[in-house]
Amino acid sequence: MKIRFQTPYQYVFYHHHIKHLFLIWEKEQKKEIYIMKEETADECLLQYPGETYTEMILQELEPVFFQTLETEDEQFPAILGATFSYQKRLIGMYVHQFRPEEEPPYFFEIKNEQLVELADEEYEEIAKAFAREYPEYVSIR
């Protein structure tokens, strides 16, 4: 069973090991967050966490959720796929908005509502930490 909302702006992301669904209703200028509780091939249970939780998540992540990233080859839109803690720092994992399965993930520290590039020497360790913390995410890519 596949359920789609009447908005093209539907994003699934993890925030501190909790799977969320982020919906943007452009016409109504409304944003909703749901927690994805249980998932099977046929069913997904969504829990509305309440207005306070939604506001807290949006306040923390909305400024960094959508990004434009640049590689040597291209500049492209990216979206937040997951967050996790690494050495008491909040790390964001980003994926290409239109080719999330074909492109590698990109990691940044999230600090003061901004992305901070990671040092080359710790980037690989952070990618490995992400794979350990989110094996289900890595296995679906």
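Sequential numbering from 1 along the given sequence is applied to the chain's residues. Only heavy atoms go into these numbers, but all of them, side chains included; no hydrogens, no water, no symmetry mates.
- Between Phe66 and Tyr9, a ring centre-to-centre spacing not shorter than 6.0 Å is recorded.
- Two residues are said to be in side-chain contact when any heavy atoms from C-beta on lie closer than 4.5 Å; Ile91 and Phe130 fail this criterion.
- Using modelled atom types, no side-chain atom of Thr7 and backbone atom of Trp25 make a donor-acceptor pair closer than 3.5 Å.
- Results of the side-chain hydrogen bond (donor to acceptor under 3.5 Å, both in side chains) test with Glu109 over Arg89, Gln114, Gln87 single out Arg89 as the only residue that passes.
- Residues forming a side chain to side chain donor-acceptor pair (under 3.5 Å) with Gln67 (at least two apart in sequence, or on another chain): none.
- Pairing each heavy atom of Cys44 with each of Met36, the nearest pair is SG-CE, 3.6 Å.
- Rounded to the nearest 0.5 angstrom, Ile57 CD1 and Thr83 OG1 are separated by 8.0 Å.
- Between Phe76 and Gln97 there is no side-chain heavy-atom pair separated by less than 4.5 Å.
- Between Tyr34 and Pro49, the shortest heavy-atom distance links the atoms CA-CD, 4.1 Å.
- You'll find the side chain of Glu125 reaches within 4.5 Å of the side chain of Tyr86, heavy atoms only.
- Using a 4.5 Å cut-off between side-chain heavy atoms of Ile, Leu, Val, Met, Phe, Trp and Tyr, with links allowed through other members, Ile24 and Phe98 fall into different hydrophobic clusters.
- Here the CZ atom belonging to Phe107 is positioned 9.0 Å from the CG atom belonging to Leu118, to the nearest 0.5 angstrom.
- When side chains are defined from C-beta on, Leu115 counts as touching Ile110, because their heavy atoms get closer than 4.5 Å.
- Taking CG of Leu45 as the reference point, atom CD1 of Ile35 lies at 10.5 Å (rounded to 0.5 Å).
- Within the model, atoms CD of Gln59 and CD of Glu113 stand 7.0 Å from one another, a figure rounded to the nearest 0.5 Å.
- A perpendicular orientation is assigned to the rings of Tyr134 and Phe84, their planes being inclined by more than 60° (bins at 30° and 60°).
- Glu32 is not listed as a side-chain neighbour of Thr54, based on a closest heavy-atom distance of 4.5 Å or more.
- Between Lys19 and Val12, the closest side-chain pair of non-hydrogen atoms falls below 4.5 Å.
- Annotation: Gln29, atom CD; neighbour count of heavy atoms from other residues, nucleotides and ligands within 6.0 Å does not exceed 12.
- The distance from atom CE of Met56 to atom CD of Glu51, rounded to the nearest 0.5 Å, is 13.5 Å.
- Each of Tyr48, Phe13, Tyr11 was checked for a ring-ring contact (aromatic ring centres under 6.0 Å, His included) with His20, and the lone residue meeting it is Phe13.
- Annotation for Glu117: atom CD does not count as buried by contact number, only 12 or fewer foreign heavy atoms lying within 6.0 Å.
- For the pair Glu133 and Ser85, the tightest heavy-atom approach, listed with the atom from each and the gap, is OE2-O, 3.4 Å.
- A donor-acceptor contact shorter than 3.5 Å links the side chain of Thr71 to the backbone of Glu74.
- Few gaps surround CD on Glu62; more than 12 heavy atoms of other groups in view lie less than 6.0 Å from it.
- Summarising the geometry, atom CD belonging to Glu60 is positioned 5.5 Å from atom NE2 belonging to His16; distances are rounded to the nearest 0.5 Å.
- For the pair Val64/Phe108, no side-chain contact is recorded, criterion being any heavy-atom separation below 4.5 Å from C-beta on.
- Under the 4.5 Å side-chain contact rule for hydrophobic residues, Ile18 and Ile79 share a cluster.
- Under the 4.5 Å side-chain criterion, counting only non-hydrogen atoms from C-beta, Phe22 is not in contact with Leu80.
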